[in-house]
Amino acid sequence: MFDWMAWLPKNASTYGGDVDAIFAIIYWGTLAWLVASLGVFGAFLVLYRRGRGRRAAYVTGDRFREMAWILVPCAVVLALDLWVDWRGAPAWAKVKGQMPPADLTIQVTGRQFYWDVLYPGPDGEFGTADDRRFSNEIHVPVGRTVRLLLRSEDVIHSFFAPNLRFKQDAVPGRLTGGWFEATTPGVYELPCAELCGVAHSIMNGRLHVHTPDDYEAWVRQQWPAATTARSESQG
């Protein structure tokens, strides 16, 4: 069976299915409306085509049956829009309205033209000696809730993770953010989705989603002293 959603990037987050369901409602509704509109236009072209001895009618639009051709479609479009809003409200609340407890918090700053990524280190606090900074590179474990704190140092950027169905603007002077939980290990793109200058097209990072063991190995590489101390204390 044809999967019409196959053109979308492969979903790799817990709430990606909810977002895709809204896409499905919008696209199927739009397709149905397109077919209906073209069908009406096609029927009118045949029924009211120019013919010998037939004069064109001047429609003033002041009778209800004439105004109905405007009012009824407007009512249908409004109903469809309200239906999309109603169906999309739970997904919006899940993605934007609810912030589950984070297993990992990362600060991402948009700069022309790269993502400046800051990890708080083993102490879990930003602004301390064990912070680690990376450029265009984020590493997270699969199956863990990750919170992003987004900033911008110059212009408006938009942090976009297509496979996670995550998109959030980074605005100068404001702290924004969001969360995600990746479900599938892999390497995914992190483009900027807001035109931010002449080199906007090259502003593209990488999200590395690791298995738990691989992520722990990556952490040991970045903070070897803290990892050793932790192992000794546990021993």
Side-chain angles (χ1 to χ4, degrees), residues 8-9 11-23 26 81 84-141 144-183 187-209 215 222:
L8 289 173
N11 172 41
S13 75
T14 52
Y15 54 66
D18 299 281
V19 176
D20 288 351
I22 306 303
F23 273 108
I26 294 173
D81 183 62
V84 171
D85 290 342
W86 176 69
R87 290 294 303 272
W92 176 267
K94 183 177 183 180
V95 177
K96 298 293 187 180
Q98 303 172 8
M99 180 70 70
D103 299 307
L104 174 64
T105 300
I106 305 171
Q107 181 177 300
V108 181
T109 302
R111 304 177 190 272
Q112 293 175 313
F113 295 95
Y114 68 98
W115 300 115
D116 182 21
V117 181
L118 185 66
Y119 281 77
D123 63 1
E125 297 182 5
F126 291 102
T128 57
D130 64 349
D131 289 358
R132 290 290 184 276
R133 192 178 298 276
F134 303 89
S135 177
N136 284 331
E137 191 172 306
I138 296 179
H139 294 259
V140 301
R144 305 292 292 275
T145 302
V146 179
R147 183 182 183 186
L148 297 181
L149 303 177
L150 299 174
R151 306 173 184 270
S152 173
E153 288 294 330
D154 35 52
V155 299
I156 298 177
H157 300 278
S158 185
F159 186 90
F160 188 28
N163 294 90
L164 302 182
R165 309 302 191 258
F166 180 95
K167 186 174 182 289
Q168 178 66 53
D169 285 351
V171 182
R174 294 184 59 183
L175 179 65
T176 59
W179 70 278
F180 65 84
E181 180 182 332
T183 58
V187 180
Y188 306 105
E189 286 189 298
L190 297 174
C192 175
E194 184 76 28
L195 185 60
C196 57
V198 294
H200 163 72
S201 61
I202 68 171
M203 188 171 176
N204 190 11
R206 291 290 183 271
L207 172 67
H208 300 260
V209 179
Y215 180 73
Q222 308 306 319

Would you sort out whether Ile106 and Val140 count as a side-chain contact (heavy atoms from CB on, under 4.5 Å), showing the intermediate values? CA-CA 10 Å; Ile106 305 171; Val140 301; 3.9 Å; yes
Interatomic spacing from [atom1] in [X] to [atom2] in [Y] - rounded to 0.5 Å:
{"X": "Leu190", "Y": "Phe166", "atom1": "CG", "atom2": "CZ", "result": "10.0 Å"}
{"X": "Cys192", "Y": "His200", "atom1": "SG", "atom2": "NE2", "result": "5.0 Å"}
{"X": "Tyr114", "Y": "Glu137", "atom1": "OH", "atom2": "CD", "result": "14.5 Å"}
{"X": "Phe180", "Y": "Leu148", "atom1": "CZ", "atom2": "CG", "result": "5.0 Å"}

Mind listing the closest non-hydrogen atom pair of [X] and [Y] along with its distance?
{"X": "Ala12", "Y": "Leu164", "answer": "O-CD2, 3.2 Å"}
{"X": "Arg147", "Y": "Ala102", "answer": "CB-CB, 3.7 Å"}
{"X": "Glu194", "Y": "Ile156", "answer": "CG-O, 3.5 Å"}
{"X": "Asn163", "Y": "Pro9", "answer": "ND2-CB, 3.7 Å"}
{"X": "Pro120", "Y": "Asp131", "answer": "O-OD1, 3.1 Å"}
{"X": "Leu150", "Y": "Ala170", "answer": "CB-CB, 4.3 Å"}

Arg111 CZ: over 12 foreign heavy atoms closer than 6.0 Å: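 Yes, the 6.0 Å shell around CZ holds more than 12 heavy atoms from other groups.
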Within 6.0 angstrom of Arg174 CZ, more than 12 heavy atoms from elsewhere: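 For Arg174, atom CZ is not crowded (no more than 12 foreign heavy atoms under 6.0 Å).
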Return the set of residues passing side-chain contact (heavy atoms from CB on, under 4.5 Å) with Leu175 (not counting sequence neighbours), or none when no residue passes.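 side-chain contact (heavy atoms from CB on, under 4.5 Å) check on Leu175 returns Leu149, Arg151.
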Just to verify, what does Asp103 make a salt bridge (charged side-chain N to carboxylate O under 4.0 Å, His left out) with, not counting sequence neighbours?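 With neighbours one apart ignored, the set is Arg144.
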Distance-only, no hydrogens or angles: does the [X] side chain make a donor-acceptor pair with backbone N or O of [Y] under 3.5 Å?
{"X": "Asp116", "Y": "Leu118", "result": "no"}
{"X": "Gln112", "Y": "Ala199", "result": "no"}
{"X": "Asp123", "Y": "Asp130", "result": "no"}
{"X": "Tyr188", "Y": "Val209", "result": "no"}
{"X": "Trp179", "Y": "Pro101", "result": "no"}

Do [X] and [Y] have side chains that approach each other closer than 4.5 Å (heavy atoms only, starting at C-beta)?
{"X": "Phe134", "Y": "Gln222", "value": "yes"}
{"X": "Val146", "Y": "Ile138", "value": "no"}
{"X": "Thr176", "Y": "Asp169", "value": "no"}
{"X": "Tyr119", "Y": "Leu104", "value": "yes"}
{"X": "Ser13", "Y": "Thr183", "value": "no"}
{"X": "Phe126", "Y": "Thr105", "value": "yes"}

Exactly one of Arg87, Lys96, Arg165, Lys94 should register a salt bridge (charged side-chain N to carboxylate O under 4.0 Å, His left out) with Asp18. Which one does?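 Result: among Arg87, Lys96, Arg165, Lys94, Lys94 is the only option passing the salt bridge (charged side-chain N to carboxylate O under 4.0 Å, His left out) with Asp18.
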Please name all residues satisfying side-chain hydrogen bond (donor to acceptor under 3.5 Å, both in side chains) with Glu189, sequence neighbours left out, ordered by chain then number.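 Result, side-chain hydrogen bond (donor to acceptor under 3.5 Å, both in side chains) vs Glu189: Asn204.
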Give the ring-plane orientation class for His157 versus Trp115, where under 30° counts as parallel, over 60° as perpendicular and anything between as tilted.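 Aromatic pair His157/Trp115 classed perpendicular.
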